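Here's the structure, in structure tokens; my notes come after.
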Amino acid sequence: MQPLFRRLHRRVELTQAGQQLAIRLAAGFQQIRTAVEAVRNRPERLLRITAEPAFAAHWLMPRLADFSAAHPDLELSLETTDEFRVLGRDADLAIRYIRAGTPKRSRKAQHLMDVDGVPMVAGSKKAVAAQGLDRAVLGYRLLHDDGGAEWEKWFSAAGIRGYEKLKHLRFSDHSLALDAARRGQGVVLGTELLIESQLAARELAVIGRTRISLGGYWLLQASDRATAKPRAAFTEWLAGQIKLSRSVHDGIWTQALSIFA
């Protein structure tokens, strides 16, 4: 092995082999430094979003083309899950559903929207005829995505008996319960804000008039500076879409109520 340096009286001097190695290492270190600086100064383009499945499938996903058109420089990664992810490591933004009466996990959660539940069934002449009639629910099987507490709450609010006598079908996810209702398998407590397109296409129809609070959707953000601008762009767009969706929903619901007043 060749020596790389020699010790003199008060200093160290590179040998010829050491000088050659230093030149080669310097070039390599410069390439590493250039690569690191490029990543550090490159605008972050990927925004990782994790969202509750029903919200992602029925509300968010149909609107993402609008966001992509407005922000063609950004790329989105959408994961659907009910589990809480580690923000910053696994996701940049998280949209979670919290049932009514359940305490929030984080004080930093930003409220997006509250959702009410109203009975919905597959669109048909029978369903249209039953609009505005709470007792029409008794003619259907009850579809759940919880233990039944929401339907019990609805029956109590509507002042109707018969919950225990009806047949039940339970699912682990709200999207499955909605799809079962669309296929004529029963009645589900749904919210118009999530399924505007299905209601407009008459795939689902609202029956009854009584509404109950189901819960709300909340937004959590990572604190990473690298994604601050993409997160701000998405949250601003999200707020605008929610405002637009709520105004459309309020207009449709007010019109529907006037028919049965």
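None of the values given here were measured: they were computed from a predicted structure.
- Considering only heavy atoms from C-beta on, Thr50 stays 4.5 Å or farther from Glu83 through its side chain.
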From CA spacing to verdict: side-chain contact (heavy atoms from CB on, under 4.5 Å), Leu142, Val137: CA-CA 8 Å; Leu142 302 183; Val137 168; 3.9 Å; yes

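- Here the closest heavy-atom approach between residue Leu74 and residue Ala233 is recorded as CD1-CB, 4.4 Å.
- Taking all atoms of both residues into account, the shortest heavy-atom contact from Pro62 to Ala56 is CD-O, 4.3 Å.
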Stepwise side-chain contact (heavy atoms from CB on, under 4.5 Å) check, Asp134 with Trp154: CA-CA 10 Å; Asp134 282 336; Trp154 184 89; 3.6 Å; yes

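- Rounding to the nearest 0.5 Å gives a distance of 7.0 Å between CG of Leu93 and OG1 of Thr235.
- The two atoms that bring Ser175 and Ala54 nearest to each other are OG-CA, 3.2 Å, heavy atoms only.
- Residues Tyr97 and Leu112 have side chains not in contact (no heavy-atom distance under 4.5 Å, counting atoms from C-beta outward).
- Although no hydrogens or angles enter the test, the distance criterion places a donor-acceptor pair under 3.5 Å between the side chain of Asp92 and the main chain of Arg48.
- Between Pro53 and Asp82 the shortest heavy-atom distance is CD-OD1, 3.3 Å.
- Counting heavy atoms from C-beta on, the side chains of Ser77 and Leu46 come closer than 4.5 Å.
- Side-chain atoms of Arg209 never come within 3.5 Å of backbone atoms of Ala158 as a donor-acceptor pair (strictly under, hydrogens ignored).
- Of the possible polar contacts, one joining the Arg231 side chain to the Asp224 backbone as a donor-acceptor pair under 3.5 Å is found.
- By the criterion of side-chain heavy atoms lying less than 4.5 angstrom apart, applied directly or through intervening Ile, Leu, Val, Met, Phe, Trp or Tyr residues, Leu133 is not grouped with Val118; the two fall into different hydrophobic clusters.
- Separating the CG atom in Asp145 from the CG atom in Asp173 is a distance of 7.0 Å, to the nearest 0.5 Å.
- Atom NE2 of residue His174 and atom CG of residue Asp146 lie 10.5 Å apart, to the nearest 0.5 angstrom.
- Applying the ring pair (Phe, Tyr, Trp, His ring centres under 6.0 Å) test between His168 and each of Tyr140, Tyr163, Trp151 identifies Tyr163 as the sole match.
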CA sep, side-chain torsions, deciding dist, call: Leu194, Tyr217, side-chain contact (heavy atoms from CB on, under 4.5 Å): CA-CA 11 Å; Leu194 293 185; Tyr217 285 97; 3.6 Å; yes

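- Within the 3.5 Å criterion, the main-chain N or O of Gln185 finds a donor-acceptor partner in the side chain of Arg141.
- Residues Leu193 and Thr191 are in side-chain contact: their nearest non-hydrogen atoms beyond the backbone lie under 4.5 Å apart.
- To the nearest 0.5 Å, atom CD of residue Glu150 and atom CG of residue Leu189 are 6.5 Å apart.
- The neighbour count for Arg170 CZ, taken as heavy atoms of other residues, nucleotides or ligands under 6.0 Å away, is above 12.
- Between Leu143 and Val187 there is no side-chain heavy-atom pair separated by less than 4.5 Å.
- A pairwise comparison of heavy atoms in Ala127 and Ala122 identifies CB-O, 3.5 Å as the closest pair.
- Between Arg63 and Trp237 there is a side-chain heavy-atom pair separated by less than 4.5 Å.
- Put simply, the side chain of Val188 does not reach to within 4.5 Å of the side chain of Phe171, judged on heavy atoms.
- Residue Leu60 holds its CG atom at 11.0 Å from CD of Glu52, rounded to the nearest 0.5 Å.
- Residue Leu204 is tested with Val121, Leu199, Asp179 for a side chain to side chain contact (heavy atoms under 4.5 Å, CB included); the sole match is Leu199.
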Stepwise side-chain contact (heavy atoms from CB on, under 4.5 Å) test for Leu238 and Ile95: CA-CA 11 Å; Leu238 185 64; Ile95 300 173; 4.2 Å; yes

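- Annotation: Glu236, atom CD; neighbour count of heavy atoms from other residues, nucleotides and ligands within 6.0 Å does not exceed 12.
- In this structure a side-chain-to-backbone donor-acceptor pair under 3.5 Å is missing from Lys153 to Leu214.
- Here the closest non-hydrogen pair linking Phe55 and Met113 is CE1-CE, 4.0 Å.
- The shortest side-chain heavy-atom distance between Met120 and Glu192 falls under the 4.5 Å cut-off.
- Atom CG in Leu47 sits 14.5 Å away from atom NZ in Lys229 (nearest 0.5 Å).
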